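Report on one structure; see the data block that follows.
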Amino acid sequence: QVQLVESGGGLVQAGDSLRLSCAASGLPFSNYAMGWFRQAPGKEREFVAAITWSGSFKRYTDSVKGRFTISRDNAKNTVYLQMNSLKPEDTAVYYCAGRPSVMLITTVTEYTYWGQGTQVTVSS
């Protein structure tokens with residue numbers, strides 16, 4: 001049974017940092033492309049960051065470039081999202097997603113597995 005479990009969300013002030021983790025089980029993690037998405041109330045789920053199976057290639061949405069960093073540890077079956085200089089507009093539920101692929105994947109519909117999400121709230 002495939003499981004993706006996010007953790008690390010919380011309530012922070014603008015300018016603070018958080019590190020989200022997504023622990024995967026039940027799948028050959030090192031063969032999977034992974035991504036982070038977020039969904040704010042009343043909005044569609046949007047792409048945040050993606051990483052290839054090897055970690056060699058990464059992509060970010062423009063609004064988080066220079067502030068967020070995606071990484072992975074294949075030995076621990078975990079993908080991370082380091083979020084610095086957080087802004088109120090980063091407030092959302094953050095989801096990790098995975099799919100067996102050697103490619104970078106940035107669209108919601110292309111991912112096979114999803115976590116349950118973790119809430120990030122940034123106060124001004």
Side-chain angles (χ1 to χ4, degrees):
Q1 179 181 358
V2 175
Q3 278 194 313
L4 300 177
V5 180
E6 301 97 335
S7 61
L11 171 63
V12 297
Q13 293 187 329
D16 286 350
S17 298
L18 279 175
R19 187 175 83 155
L20 305 184
S21 299
C22 173
S25 60
L27 53 80
F29 183 74
S30 60
N31 294 343
Y32 272 59
M34 300 297 295
W36 286 97
F37 291 76
R38 65 187 179 187
Q39 189 166 17
K43 295 187 177 181
E44 293 188 351
R45 193 169 298 189
E46 66 171 357
F47 168 73
V48 175
I51 188 168
T52 53
W53 65 274
S54 65
S56 298
F57 297 96
K58 305 174 184 180
R59 188 169 295 167
Y60 301 91
T61 192
D62 286 346
S63 63
V64 308
K65 286 180 181 176
R67 300 188 298 122
F68 291 11
T69 303
I70 189 172
S71 62
R72 65 190 297 160
D73 184 338
N74 286 346
K76 295 183 178 180
N77 286 4
T78 301
V79 62
Y80 305 98
L81 185 67
Q82 177 67 44
M83 306 186 296
N84 298 331
S85 302
L86 282 161
K87 303 176 180 180
E89 51 263 44
D90 294 319
T91 295
V93 177
Y94 283 71
Y95 299 88
C96 73
R99 170 181 168 161
S101 176
V102 298
M103 306 296 289
L104 270 173
I105 302 175
T106 62
T107 56
V108 170
T109 55
E110 291 190 87
Y111 277 97
T112 309
Y113 300 107
W114 292 84
Q116 82 290 346
T118 186
Q119 177 70 48
V120 171
T121 303
V122 185
S123 64
S124 57

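Just so it is clear, the values below take in all heavy atoms, side chains as well, and ignore hydrogens, waters and symmetry mates. Everything quoted here is computed from the prediction, not taken from an experiment.
Distance alone, capped at 3.5 Å, is enough to place a donor-acceptor pair between the Thr52 side chain and the Phe57 backbone. In this structure, the side chain of Lys58 engages the main chain of Ile70 through a donor-acceptor pair within 3.5 Å.
Nearest heavy-atom pair across Ala92 and Ala40 is CB-N, 3.8 Å. Between Phe68 and Val48, the shortest heavy-atom distance links the atoms CD2-CG1, 3.8 Å. Listed here is the closest heavy atom pair of Leu4 and Tyr113: CD1-O, 3.5 Å. The two atoms that bring Ser85 and Ser17 nearest to each other are N-OG, 4.2 Å, heavy atoms only. Heavy-atom minimum distance, Leu18 versus Leu86: N-CD1, 3.9 Å. Scanning both residues, Tyr32 and Gly98, for their nearest heavy atoms gives CD2-C, 3.8 Å.
Under the 4.5 Å side-chain heavy-atom criterion for ILVMFWY residues, no single connected hydrophobic cluster contains both Val108 and Tyr94. In terms of hydrophobic clustering, with Ile, Leu, Val, Met, Phe, Trp and Tyr side chains grouped at heavy-atom distances under 4.5 Å, Val93 and Trp114 are assigned to a common cluster.
Residues Val79 and Trp36 form a side-chain contact, since some pair of their non-hydrogen atoms from C-beta on lies under 4.5 Å apart. Residues Arg38 and Val64 have side chains in contact (heavy-atom distance under 4.5 Å, counting atoms from C-beta outward). Residues Met83 and Val120 have side chains in contact (heavy-atom distance under 4.5 Å, counting atoms from C-beta outward).
Both cation-pi conditions hold for Arg72 and Phe29: the charged atom is under 6.0 angstrom from the six-membered ring centre and inside a 45 degree cone around its axis.
Between Tyr111 and Phe37, the ring planes are perpendicular. Angles over 60° get that label, and only those under 30° would be called parallel.
At most 12 heavy atoms of other shown residues, nucleotides or ligands fall within 6.0 angstrom of atom CZ in Arg59.
Between Asp90 and Lys87 there is no salt bridge, since no side-chain N of the basic residue sits under 4.0 Å from a carboxylate O of the acidic one.
Tested against Val122 for a side chain to side chain contact (heavy atoms under 4.5 Å, CB included), the candidates Leu11, Val12, Asp16 yield a single pass: Val12.
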Worked verdict on Tyr80 versus Asp73 for side-chain contact (heavy atoms from CB on, under 4.5 Å):
CA-CA 8 Å; Tyr80 305 98; Asp73 184 338; 4.1 Å; yes
